[in-house]
There are 2 protein chains.
Amino acid sequence: MTDRDVDVLSRAPLFEALDEQGAKALRANVTEVRLARGQTLFNEGEVGDRLYVVLEGKIKLTRTAPDGRENLLSVLGPSEMFGELSLFDPRPRTASAIAVTECRLAGLGHDDLRPWLTGHPEVAVQLLRALAQRLRKTNDVMADLVFTDVPGRVAKALLDLAERFGQPGDSGLHVHHDLTQEELAQLVGASRETVNKALADFAQRNWLRIEARAVVILDIERLRKRSK
Amino acid sequence: MTDRDVDVLSRAPLFEALDEQGAKALRANVTEVRLARGQTLFNEGEVGDRLYVVLEGKIKLTRTAPDGRENLLSVLGPSEMFGELSLFDPRPRTASAIAVTECRLAGLGHDDLRPWLTGHPEVAVQLLRALAQRLRKTNDVMADLVFTDVPGRVAKALLDLAERFGQPGDSGLHVHHDLTQEELAQLVGASRETVNKALADFAQRNWLRIEARAVVILDIERLRKRSK
DNA sequence: TGCACAGTGTGACGTACGTCCCACCGCATA
DNA sequence: TATGCGGTGGGACGTACGTCACACTGTGCA
């Protein structure tokens, strides 16, 4: 594990509460996983009691409806944690994890983590905080599904992706989200076609430029206004 | 606090991990709150670091969109916990809590709970489990918003309410949810009119009978099938 | 007794968005 | 060069559901 990895890991909620020494000890239990683009880490319905932190790349969490339609819960990048629900609440996984780009993950099993939860209460408290934040965010997304139209949700999703993956460039804010429009549609709960039209409309207004699996945001203020 | 209250309280996730002695000690920190129907416990945007467990009655958690439209996150009954997000993640409340019926609550403040989290790791673990379950459930509801039509969501909501508040009777399963159709509509993310029509349709098919702030489920299997 | 008001029942109408369709483009494999 | 194939762009059409409108009922309060 490189210094860079250590740095990425230390920003994850799990490690945030630990001092250098504690973090080092916990890192000793971590196993690294590598995935190619499109590869599946785990599938909905499987049992599993490992949580993961993204070291490098992006991974998506998806759910499949009985009729086969898919729903994208989130796209996660470096320092973000997932898979912990099955660890805290021992049930089969309710989502599949699939690599959106080539990526590397740090995995931690239930048995490795348990002693830390009981022995270091500040770790448990930190995790409670992380879950509480997630619950808040999920409630926000749910409200958007009810109150905001598709273009608005697309704008919101782009802004969220921009915040997490955006890189300022001379021609605008580059957001290399690595998602197809189909995936973007699953993320906002709409059809691919409608999302495409929303994007085209934004591009025509010069709020952004569309690139392959990326957008360049040109007028973030307008986009922000449209997302409300 | 009556024996009955103690019993209700002991079923809450907070107390589940404690033995009789521990539970008794934690109960000593609890303060009781009484609310009349329609009364507000706390409002979105306020600061607060108390969590509550319902002892008796029902309470709803609602969010208000900027334009004033409302969204019902959930309706909680005895033994159910709420308000803990602001306790674990110190931010203003993101929902308001309003009594749906006259009700009594047990409240517990951050300072009273904190020593238990750090001193009794099994309490923290139990809470992590509770939050993980909630996150799962919320994700389910979100998927329904995307994939299921309004009648389907109404059916789902009724089945959920039935599970938690239903009482078998000779003429069917009585579900006294105490919600107006307007509130039911906010709960499933639809307009009052559409929900009314869905209910009328179910009633006409003899799947249920509509009563004031209640339904009597006559054919739970059909209803279950419709909810999928 | 009557009035006000909250909640319910139901029809008419518009529209946002899903579905279906096909054309186009770039890229890989034969 | 041809032949797919995954992804994008965009038009035509249908429909589920929101909005508006109004009538009806029961319950509380003067």
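Computed from a prediction, not measured in an experiment: that's the story for all the values here. Lettering follows sequence order; numbering is per chain, from 1.
- Rounded to whole Å, atom C1' of dG9(D) lies 18 Å from atom CZ of Arg209(A).
- Note on the helix from dT1(C)-dA30(D) to dA30(C)-dT1(D): angle between the axes of the first and last five pairs equals 30°, rounded to 10 degrees.
- Taking the nucleotide of DNA chain C with the nearest heavy atom to each of Glu182(B) and Val150(A), the more 5' of the two is matched to Glu182(B).
- For the pair Leu184(A) CG and dG9(D) C1', the interatomic distance rounds to 15 Å; values are reported in whole Å.
- With sequence neighbours excluded, the residues satisfying side-chain hydrogen bond (donor to acceptor under 3.5 Å, both in side chains) with Arg205(B) are Asp201(B).
- For Glu211(A), the side-chain contact (heavy atoms from CB on, under 4.5 Å) partners are His174(A), Arg209(A), Ala214(A), Val216(A), not counting sequence neighbours.
- Residue Phe147(A) contributes atom CZ, which lies 17 Å from atom C1' of dA16(C) at whole-angstrom precision.
- Between the CG atom of Leu145(A) and the P atom of dA16(D) there is a distance of 20 Å, rounded to whole Å.
- In this structure, Thr194(B) does not reach the dC17(D) phosphate: none of its side-chain N or O atoms is under 4.0 Å from OP1 or OP2.
- Put simply, CD1 on Ile210(B) is 15 Å from P on dG26(D), counting in whole angstrom units.
- In this structure, the side-chain contact (heavy atoms from CB on, under 4.5 Å) partners of Thr31(A), at least two apart in sequence or on a different chain, are Arg50(A).
- Thr138(A) meets the side-chain contact (heavy atoms from CB on, under 4.5 Å) test with Leu135(B), Thr138(B), Asn139(B), Met142(B); sequence neighbours excluded.
- Arg153(A) pairs by the side-chain hydrogen bond (donor to acceptor under 3.5 Å, both in side chains) definition with nothing, not counting sequence neighbours.
- Two residues are said to be in side-chain contact when any heavy atoms from C-beta on lie closer than 4.5 Å; Val195(A) and Leu199(A) meet this criterion.
- Crowding of Asp3(B) atom CG: a count of heavy atoms from other residues, nucleotides or ligands under 6.0 Å not exceeding 12.
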Name the pairs: protein N/O against N/O of nucleotides 3-7 of chain C, kept only if under 3.5 Å.
| residue | atom | partner | partner atom | Å |
| --- | --- | --- | --- | --- |
| dG7(C) | OP1 | Arg213(B) | NH2 | 3.2 |

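- Between Asp144(A) atom CG and dC17(C) atom P the separation is 13 Å, expressed in whole Å.
- Asp149(A) comes within 4.0 angstrom of the backbone, heavy atoms only, and of no base.
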I'd like a list of close polar pairs between nucleotides 20-23 of chain D and the protein, N/O only, cut-off under 3.5 Å.
| residue | atom | partner | partner atom | Å |
| --- | --- | --- | --- | --- |
| dC20(D) | N4 | Glu193(B) | OE2 | 3.3 |

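- Put simply, Asn196(B) has a side-chain N or O that comes within less than 4.0 Å of OP1 or OP2 on dG9(C).
- The interatomic distance linking Glu211(A) (CD) with dG7(D) (P) rounds to 18 Å, in whole Å.
- In Arg136(B), the CZ atom is crowded: over 12 heavy atoms of neighbouring residues, nucleotides or ligands sit closer than 6.0 Å.
- Partners of Phe165(A) according to the ring-ring contact (aromatic ring centres under 6.0 Å, His included) rule, which considers only residues two or more places apart in sequence or in another chain, do not exist here.
- In this structure, Asp178(A) places its CG atom 13 Å from P of dG7(D), rounding to the nearest Å.
- Remark: Arg129(A) engages Asp89(B) in a salt bridge (Lys or Arg N to Asp or Glu O under 4.0 Å) (not counting sequence neighbours).
- With sequence neighbours left out, the side-chain hydrogen bond (donor to acceptor under 3.5 Å, both in side chains) criterion links Thr101(B) to no other residue.
- In this view, Glu16(B) and Gln126(B) satisfy the side-chain hydrogen bond (donor to acceptor under 3.5 Å, both in side chains) rule, not counting sequence neighbours.
- Nucleic acid contact for Ala190(A): sugar-phosphate only, since backbone atoms but no base atoms lie under 4.0 Å from a heavy atom of the residue.
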